[in-house]
2 protein chains.
Amino acid sequence: MGDDTPVRRGRRLPTRGELRDWRVFTETSEALRAELAARLHNETGLSPSDYRVLLALSEAEGERLRSSELADAVGWERSRLSHHLKRMERRGLIRREDCAADSRGAEIVLEKEGATAFHGATVPHLTAVRELFVDALTPEQIAAAGEIARALAAHLDARTP
Amino acid sequence: MGDDTPVRRGRRLPTRGELRDWRVFTETSEALRAELAARLHNETGLSPSDYRVLLALSEAEGERLRSSELADAVGWERSRLSHHLKRMERRGLIRREDCAADSRGAEIVLEKEGATAFHGATVPHLTAVRELFVDALTPEQIAAAGEIARALAAHLDARTP
DNA sequence: TCCTCCTCATTGACATGTCAATCATATGAT
DNA sequence: ATCATATGATTGACATGTCAATGAGGAGGA
């Protein structure tokens, strides 16, 4: 049975070849994510989620953001962010303050310890990205990976309002 | 500053362009994973992890596998598998049996309810793969995605013994 | 004003994942 | 036979993620 054989007939399901490409794609991105997370955590004590939050806060005006702006910046649901901030606050990386403009709101402020941890993690993180991603591919493949991801993201956004 | 400008000079860190491609690549594969997981769970009550385990057992001789063989088949650490099997056993999808050949070992057996759930999930799962992955890309992009993933996986395997 | 509706953010319950430690059994050397 | 060691699998502690429910405050119309 060739690569263009549908897994089931007459229902527009993926062919075997498409399924093989899908499987290696997801399994590899998952393995890559796990490896990068393990390295970052070993070398810096930060998780990728910590890193993202600290990056967004570092780049913000006054190193502070409204909780909802931060959620947009990192692309997470509110509840996920809320849980994560609780853990980061417990570790002294960030601090919550009441918002003057809207008493419902919260402002998330980068603590000194958080800034230090972030700066110490930047080079290890970028080095890992180079070793695990950039060094593995040709420049053309890197660009193609970006294009493919953009196409997938556009398609995904179109069908998840 | 152009796309070939190193983020930091003289240490072989990724360029801004490489970093952009990396970021869209990981963020998109993560979003895709989450969307597929949510759909599968809504439509079938199974998580992607459940599905993988049930698939491996369905394809095995006698619909049973040694725990370690199952771990290899799905590519997980033992402890992760053990935790997951505990949850699946609680739901009646699989069953553990003592192993005749090696009294340390365990055999994992597909339960009737697990087989039923798996068969009911196959078409929804494949449909979601088509909608979210296959339909988003050209045939050339699908093949390229597979090639890129294989290159990443080979590189990753080479440096994680 | 008061009432309704919307938004901001948090919480609790639970599913999932990682790591290190543990326990029991097999295996091989003496 | 005995002992040291390796292997198969599980467990506990904890980090992370999702969903649904909640509380608490703003915003606008009757």
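In what follows, chains carry the letters A, B, and so on, assigned in the order in which the sequence lines appear, proteins first and then strands, with residues in each chain numbered from 1.
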message: Test question: given the 4.5 Å side-chain rule for I, L, V, M, F, W and Y, name all other residues clustered with Leu81(A), or answer none.
response: Leu40(A), Leu46(A), Tyr51(A), Val53(A), Leu54(A), Leu55(A), Leu57(A), Leu65(A), Leu70(A), Val74(A), Trp76(A), Leu85(A), Met88(A), Leu93(A), Ile94(A), Ile108(A), Leu110(A), Phe118(A)
statement: Contacts satisfying salt bridge (Lys or Arg N to Asp or Glu O under 4.0 Å) that involve residues 133-145 of chain A (not counting sequence neighbours) are Arg130(A)-Asp135(A), Asp135(A)-Arg12(B)
task: Using whole Å, report how far CZ of Arg90(B) lies from C1' of dT10(D).
output: 14 Å
- prompt: Can you tell me if CG on Asn42(A) sees more than 12 non-hydrogen neighbours from other groups inside 6.0 Å?
  reply: yes
- prompt: Under 3.5 Å, is there a donor-acceptor pair between the side chain of His155(A) and the main chain of Glu131(B)?
  reply: yes
message: Let's see if you get this right: which residues in residues 55-70 of chain B place a heavy atom under 4.0 Å from DNA chain D?
response: Arg66(B), Ser67(B), Ser68(B)
- prompt: Who are the side chain to side chain contact (heavy atoms under 4.5 Å, CB included) partners of Ala128(B), not counting sequence neighbours?
  reply: Leu36(B), Arg39(B)
message: Within residues 25-53 of chain B, which residues have any heavy atom lying less than 4.0 Å from an atom of DNA chain D?
response: none
task: Give the intermediate values and the outcome of salt bridge (charged side-chain N to carboxylate O under 4.0 Å, His left out) for residues Glu107(A) and Arg64(A).
output: CA-CA 7 Å; Glu107(A) 281 199 330; Arg64(A) 64 172 55 221; 2.7 Å; yes
Pairwise ring pair (Phe, Tyr, Trp, His ring centres under 6.0 Å) hits with a residue in residues 12-40 of chain A, at least two apart: Trp22(A)-Phe133(B), Phe25(A)-Phe25(B), Phe25(A)-Phe133(B)
- prompt: Separation of Glu107(A) atom CD from dA9(C) atom C1', in whole Å?
  reply: 14 Å
message: Per the salt bridge (Lys or Arg N to Asp or Glu O under 4.0 Å) rule, what does the pair list look like for residues 111-120 of chain B, sequence neighbours excluded?
response: Arg95(B)-Glu111(B)
- prompt: Would you say the side-chain atoms of Thr44(A) pair up with the backbone N or O of His41(A), donor to acceptor, closer than 3.5 Å?
  reply: no
query: For Asp50(A), which residues count as a side chain to side chain donor-acceptor pair (under 3.5 Å) partner, sequence neighbours excluded?
result: Ser47(A), His84(A), Arg91(A)
message: Side-chain heavy atoms under 4.5 Å apart, restricted to Ile/Leu/Val/Met/Phe/Trp/Tyr: what other residues fall into the cluster of Val109(A), or is it alone?
response: none
query: Is any NZ, NE, NH1 or NH2 atom of the basic residue among Glu77(A) and Arg80(A) found under 4.0 Å from an Asp or Glu carboxylate oxygen of the other?
result: no
task: Can you sort out the partners of Glu30(B) under side chain to side chain donor-acceptor pair (under 3.5 Å), two or more places apart, ordered by chain and number?
output: Arg33(B)
Please write out the pairs of protein N or O atoms and N or O atoms of nucleotides 22-25 of chain C separated by less than 3.5 Å, giving the distance to one decimal.
| from | atom 1 | to | atom 2 | distance (Å) |
| --- | --- | --- | --- | --- |
| dT25(C) | O3' | Ser103(B) | OG | 3.3 |
| dT25(C) | O2 | Arg104(B) | NH1 | 3.3 |

- request: To the nearest Å, give me how far apart NZ (Lys86(A)) and P (dG17(D)) are.
  value: 14 Å
task: For DNA chain D, find the residues of residues 73-85 of chain A with a heavy-atom distance under 4.0 Å and give them by number; none if there aren't any.
output: Glu77(A), Ser79(A), Arg80(A), His83(A), His84(A)
- prompt: Ile94(A) has an atom CD1; how far is it from atom P of dA9(C), in whole Å?
  reply: 13 Å
